[in-house]
J.: 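Provided herewith is a single structure, encoded as structure tokens, for subsequent inquiry.
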Amino acid sequence: MTATTNAPASTRRDNVLLRFLRNPLGAIGLAIVLLVVLGAVLAPVLAPFGVTTADIANPFADPGGDHLLGTDSSGRDTWSRLLWASQLTLASAVLCAVVAIAIGLPSGLIAGYFGGPFDGVSSWSANALMSLPAIIVLLSVRSAVGPSVWVTMIVFGILLSPGYYRLTRTAVQSVRNELYVDAARVSGLSDARIISRHIISVVRAPIIIQTALIAGVAIAIQSGLEFLGLGNPSEPTWGAMLSEGFRNIYISPTLLLWPALAIGLTVGAFVLIGNALRDALEDLPKVRASRKATAAVAASGMTAGSLSGTASIAVEPEIAPTVSISTSSDPLPGVGELPAGDHLLEVRDLEIGYPAPDGGLTKVVQGVSFSIDRGEVLSIVGESGSGKSQTAFAVLGLLPSSARIVGGSIVIDDIQTVDTAAERILQKKVAPLRGRRISYIPQEPMSNLDPNYTIGHQLARPMVKLLGISRSEAKRRAIELLERVGIADPQRTFDSYPNEISGGMAQRVLIAGAVSCEPDLIIADEPTTALDVTVQAEVLDLLRRMRDELGVAILLVTHNFGVVADIADRVAVMQRGRLVEEGPVREILRDPRHPYTRTLLGSMLTGREPLTKLTEETTR
Amino acid sequence: MITYSLKRIASGIVLLAVICAAAYALLFVNGSSIARNIVGDQATEAQVEAKSIELGLDQPLPLRFLDWVGSALTGDLGRSWFGTLTVSDALTTRLPVTLALIGVAMLFVTLLATTIGTLAAVKRGWIDRAVQVGAVIGDAIPGFVLAVVLATVFAVQLGWFPAVSSIGPGAGADAWIASLTLPVIAIVLNYVTASAQQIRSAVIQQRDRDFVRTLRSRGLGESEILLKHVLRAAAPAGLTVLSLQFVGLLGGAVILERIFALPGIGQLAVTSTVSGDIPIVMGVVLYTVVIVVIVNLAVDLINGWLNPKVRVS
Amino acid sequence: MTEKLLQVDDLAVAYPRKGFRRGATEILHGVSFDIDQGKTLGVVGESGSGKTTIGRAILGLAPITRGTVTFDGVDITRAARSKRASLAADLQVVFQDPFSSLNPAMEIGQILAEPLEIQKVGPTESRARVAELLDRVGLPANAITRLPREFSGGQRQRIAIARALALRPKLIVCDEPVSALDLTTQARVLDLFLEIQQDLGVSYLFISHDLDVIRHISHEVAVLYRGDVVEHGRSTAVTADPQHPYTQRLLLASPLPDPDKQSERRALRARMAEDERLADVAGGDR
């Protein structure tokens, strides 16, 4: 690690601090805590009276005069006692947090990183500690050892340590399985250095946030115990002062006000700091978010770079920039020459956009037109970010709520589903079509079944609702469907939960679900991408059979030309939100006219001389 | 499901045993000072010795503990050292007050938090922002300070509610309602936004899952998807928060009972702590832990019933 | 025999089972193969075949229960972590997922310098080497101060390759390095792998589920099925005329980008499936 590479890292940390300070609530919280700290440190200077100095002649004095905030039942100066008490309060909060971190952090690191029996024992203990009501424990400690703020706070620190333990353990576990930790192991990094280099940095931020919150809780609990009269009577504390005020509520109501304010403000300040810190840290482009984005790339048409608002370094055109390109478009081969007449699905000049951070609109689909007839298979091919999945979800009316249909129309069997004025899909129009007329086969089989319901329920329920048949009839049909999609033991699968079946079987179940209400059109979004090739071949066979037997049309979204060749009648090629070429499958695959289609086909490995360069003759 | 339930029950029993042993060791380890405390500073060494023997404090600690466990299993938790009351009697008369307070309050918290949290997740907009701000405020104000303020304003100043509770065994329903209203309000105000916030996050997270989109594509209605699928998937997260709050309340009740002068086990715990009436403190610990174990067990079983994956693993 | 760069003999890997029941799940049942200097062995298999486990076992990331791994004449079957550190210079890895294989909080410069640091390379030399590496994999020099999230999938995979190259290794284990990438990106990254091999003479253990990728990049191929190598031989021979039924099935299942050729292949596959079914029925009668 060199000095030059270090510098920008510290700038990023400064940014967090800056963002934190710009948050007014965070700044207020910090100011209050600083004031209290200052008051505690300077108590010997600021307090006009000693801790126990009692003006016996002047109990319950009103605020003003010698006594800024008045006096209590023994004539002790409230302001002075508040200041003296803040010392003890802050010190106990610090002690509590230190104990909790000292126990929770290392044990969480060890349990998370090494796992094994230590993890089992420590997790059980953490759960046990967390399930104990703190005050009851502290009461019994008080019974055993007498009134001592320090013992109480050490015990309370132990009780709070599971918070740190869990936080650390979860963070470490999630990082431990990351491949970059494996890469570091392969490089020969020792466990200690892996922890300090790759793992501490992950837990640091949550620990700081947790500590701010814990400090608040510690002060609240400590004051609560003092309020109950369980503290050491010779020490001034806010809790004891509150109790004193509460007892004398009829004589001098203001006596209650000051300690209540002190406790409320200080605890509140710590919570505000914790929240502001969380906001400041979460504002950072999320580490995990970018990873999730990969899965969502196909769906959202955005690259990780554009999600985080930073531009990717463009050294090769493999990133799919979502910036809108000028609207002037050459007439594309095949596009716009759709035969007139009644199509099952007709999409015209579809434009989809998402609100951009700068207030503008990022278009992910632009001027896309195509149509599908009954019993036809149209495949939309493209790379990630081409807008192919966005187009498919627009037809289903299942785009994220922030999506805008900026222009164009979608007509499903004479029903227009786009509300051009509202720039949205009309759910009222499209919702009744879903399941009955159009249905959906997703990409990832396992995550698309609800783990909490049986396969049978998830298959039968839509049939009961949409076809109005009885439950027993729906069950009979569901089992029939399962048999039809090639599942060996349909009854058993019907009763299974999704986690009990394999991915290939789950995809068959989802196909069964898609055809269960005899739709006219199936929208299949990369239906074989997550499967092994041998399973992929079987699933394609199944889709083809469904088309032949039921006469259903299929809109198949894929990136794989092999899949296209296997099943499609027609192909539409999409690039960066535009449809660049469309036509019969043989024409496009054998004689592509658009350069992008040629590049795509040229990148295929099938039929290429092994161990040769792939890209030269096609892209340069 | 049966193996799962048995495992959970066994875990609960182990927890109970460990905590009782720890509490007993902590409270009873110092036999001679306990005896001194009871007979007073004026007493002679011989008197202390006699008291020690009378209470069995001269026996080795593990033996005493086993003895205590034996009696506890038959329902006998011993006697108060400073009165004639048996520990079980003292606790049973006070337990209903505490349980009523916590039970009613948690019922309201659960209903309100689920409704508000779900609404915030589904509708977003102002209600969502209100929940977020409310959660910060709820966290920021310590519960007992809020309770003190409520008691001062509504019971003392305005006199809308009794400042001193009139409930106890045999008190009428009116008395119970009047006495419990203000403390329940204090708890609900303090707890509801935090749990609503957690439930909101859980619902938002579950609504984004792939299977929800697939269910929509199958033609199921939004309300069916929300109630049957999303809320069920979000339930474990919500239950965890609520059970943690319940445990927190068992402790919080101690302070609330003092503020609102409710004769519950919390009050009893405080007075016995101050006087050093260790059998009673031990009894309070035992009762509390039993309640905690039962609540956690219930949550585990509900989670297992809701989620087939939990059952299997 | 000692001239082989990597020699794997009867390698078995088993993970301990969770829960109360004792025992272990064996993932690899004793596989053997070797790799020559400057050559590529492709390992192809489907999910659950154990292909990823092979790579992890050689890297010391999976529990080896039987067999030996000999690298450059040294037995590394159970090399300790300290031994691994010295091995790291010669044996490196590129993982599948370009998103989790780079620490999101570290700059590219730091990521690339990490292996150098362990080998005690001085800062000046390290900086020069990092610049050289970025150039080697076709990334701009200003990438040094950027974070992984600013790069696309293909670019991140280039960074991972640069990290693997940092110490001039003799063998790189490539675990599905192109399967998460788009078609055109995949082609460019494969080109980069070939180019590096030509220039530096490095060997690859190239793991993939895609027969086309394996055929294109490998000199030799090992077909893995449920923890066993079922077929092993020259890449062109295995992928053009497979002998083992599983390899045949694998080949026939991967679709061709031409409708008519694909429908022929489909017909072949259907015939083979039918034959197998009949054989099963016949076997069941016995």
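All values below come from the heavy atoms of this structure, side chains included, with hydrogens, waters and symmetry mates left out. Just so it is clear: chains get the letters A, B, ... in the order the sequence lines come, proteins before strands, and each one is counted from 1.
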J.: With chain A, which of B:T152, B:V149, B:V285 has the greatest number of heavy-atom pairs at distances under 4.5 Å?
T.: B:T152

J.: Nearest heavy-atom pair of A:A220 and B:F144: which atoms, and what distance?
T.: O-CE2, 3.3 Å

J.: Name the member of B:I141, B:V254, B:N296 that forms the most heavy-atom pairs with chain A at distances under 4.5 Å.
T.: B:V254

J.: Between chain A and each of B:V18, B:V284, B:D277, B:L306, count heavy-atom pairs under 4.5 Å; write down the option with the most.
T.: B:L306

J.: State the NE2-CZ distance between B:H229 and A:R461, to the nearest 0.5 angstrom.
T.: 8.0 Å

J.: If you count heavy-atom pairs under 4.5 Å between each of A:S439, A:P451, A:G216, A:P519 and chain B, which one has the most?
T.: A:P451

J.: Looking at B:V145, B:I255, B:V14, which makes the most heavy-atom pairs under 4.5 Å with chain A?
T.: B:I255

J.: Would you mind telling me which of A:L213, A:V217, A:L256 has the largest number of heavy-atom pairs within less than 4.5 Å of chain B?
T.: A:L256

J.: Name, in order of residue number, those residues of residues 124-134 of chain A that have a heavy atom at a distance of less than 4.5 Å from a heavy atom in chain B; otherwise write 'none'.
T.: A:W124, A:A128, A:M130, A:S131, A:L132, A:P133

J.: Against chain A, label B:T288 side chain, backbone, both or neither, depending on which of its atoms sit under 4.5 Å from a heavy atom there.
T.: side chain

J.: Chain B: which of A:I523, A:L449, A:L396, A:L433 shares the most heavy-atom pairs with it under 4.5 Å?
T.: A:L449

J.: For B:A23, which atoms come within 4.5 Å of any heavy atom of chain A: side chain, backbone, both, or neither?
T.: neither

J.: Is there a side-chain contact between A:Y440 and B:R216, using heavy atoms and a 4.5 Å cut-off?
T.: no

J.: Ignoring hydrogens, what is the shortest heavy-atom contact between B:L250 and A:I136? Give both atom names and the distance.
T.: O-CD1, 4.3 Å

J.: Identify the two heavy atoms, one from B:L27 and one from A:S140, that lie closest to each other, and give their separation to 0.1 Å.
T.: CD2-O, 3.3 Å

J.: First locate atom CD1 of B:I259, then atom CG of A:L228, and finally report the distance between them rounded to the nearest 0.5 Å.
T.: 8.0 Å

J.: Considering only heavy atoms and a distance below 4.5 Å, find which of B:V148, B:I278, B:V274, B:V295 pairs most often with chain A.
T.: B:V148

J.: Rounded to the nearest 0.5 Å, how far does CZ of B:R213 lie from CG of A:D525?
T.: 7.0 Å

J.: Tell me whether B:R258 forms a cation-pi arrangement with A:F246, defined as NZ or CZ under 6.0 Å from the six-membered ring centre and within 45 degrees of its axis.
T.: no

J.: Give the minimum heavy-atom separation between B:G219 and A:L466, together with the two atoms involved.
T.: O-CD2, 3.8 Å

J.: Where on B:I19 is there a heavy atom nearer than 4.5 Å to chain A: the side chain, the backbone, both, or neither?
T.: side chain

J.: Which value, rounded to the nearest 0.5 Å, describes the distance between A:D450 atom CG and B:Q206 atom CD?
T.: 9.0 Å

J.: Nearest 0.5 Å, please: how far is CD in A:Q458 from CG in B:L215?
T.: 6.0 Å

J.: Is A:V141 close to chain B through its backbone or its side chain, or both, or neither, when contacts mean heavy atoms under 4.5 Å?
T.: both

J.: Check each atom of B:R232 against the heavy atoms of chain A and say whether the ones under 4.5 Å are side chain, backbone, both or neither.
T.: both

J.: For each of B:S11, B:P142, B:G251, B:S217, tally heavy-atom pairs with chain A at distances under 4.5 Å, and name the one with the top tally.
T.: B:S217

J.: Considering only heavy atoms, which portion of B:A22 lies under 4.5 Å from any heavy atom of chain A: side chain, backbone, both, or neither?
T.: neither

J.: When heavy-atom pairs shorter than 4.5 Å are enumerated against chain B, which of A:A260, A:G513, A:S243, A:A431 gives the highest number?
T.: A:G513

J.: Taking only Lys NZ, Arg NE, NH1 and NH2, and the carboxylate oxygens of Asp or Glu, determine whether B:E224 and A:K465 approach each other closer than 4.0 Å.
T.: no

J.: I need the B:E222 CD to A:Q427 CD distance, nearest 0.5 Å.
T.: 7.5 Å

J.: What part of A:L398 gets within 4.5 angstrom of chain B, counting heavy atoms only: side chain, backbone, both, or neither?
T.: both

J.: Need one label for B:L146: side chain, backbone, both or neither, based on atoms under 4.5 Å from any heavy atom in chain A.
T.: neither

J.: Measuring heavy-atom distances to chain B, does A:A269 have an atom under 4.5 Å in its side chain, in its backbone, in both, or in neither?
T.: neither

J.: Using side chain to side chain donor-acceptor pair (under 3.5 Å) as the criterion, list what pairs up with A:S496, not counting sequence neighbours.
T.: none

J.: If we only count heavy atoms from C-beta on, is the A:L459 to B:R218 side-chain gap below 4.5 Å?
T.: no

J.: A:P442 versus chain B, heavy atoms under 4.5 Å apart: side chain, backbone, both or neither?
T.: side chain

J.: Do you know which of A:P498, A:S447, A:G268 has the most heavy-atom pairs under 4.5 Å to chain B?
T.: A:S447

J.: Would you name the heavy atoms of B:D139 and A:V267 that are closest together and state the gap between them?
T.: O-CG1, 4.5 Å

J.: So which atom in A:P462 and which in B:L220 form the shortest heavy-atom distance, rounded to 0.1 Å?
T.: CA-CD2, 4.0 Å

J.: Given a strict heavy-atom distance threshold of 4.5 Å, which part of B:V289 is in contact with chain A: side chain, backbone, both, or neither?
T.: side chain

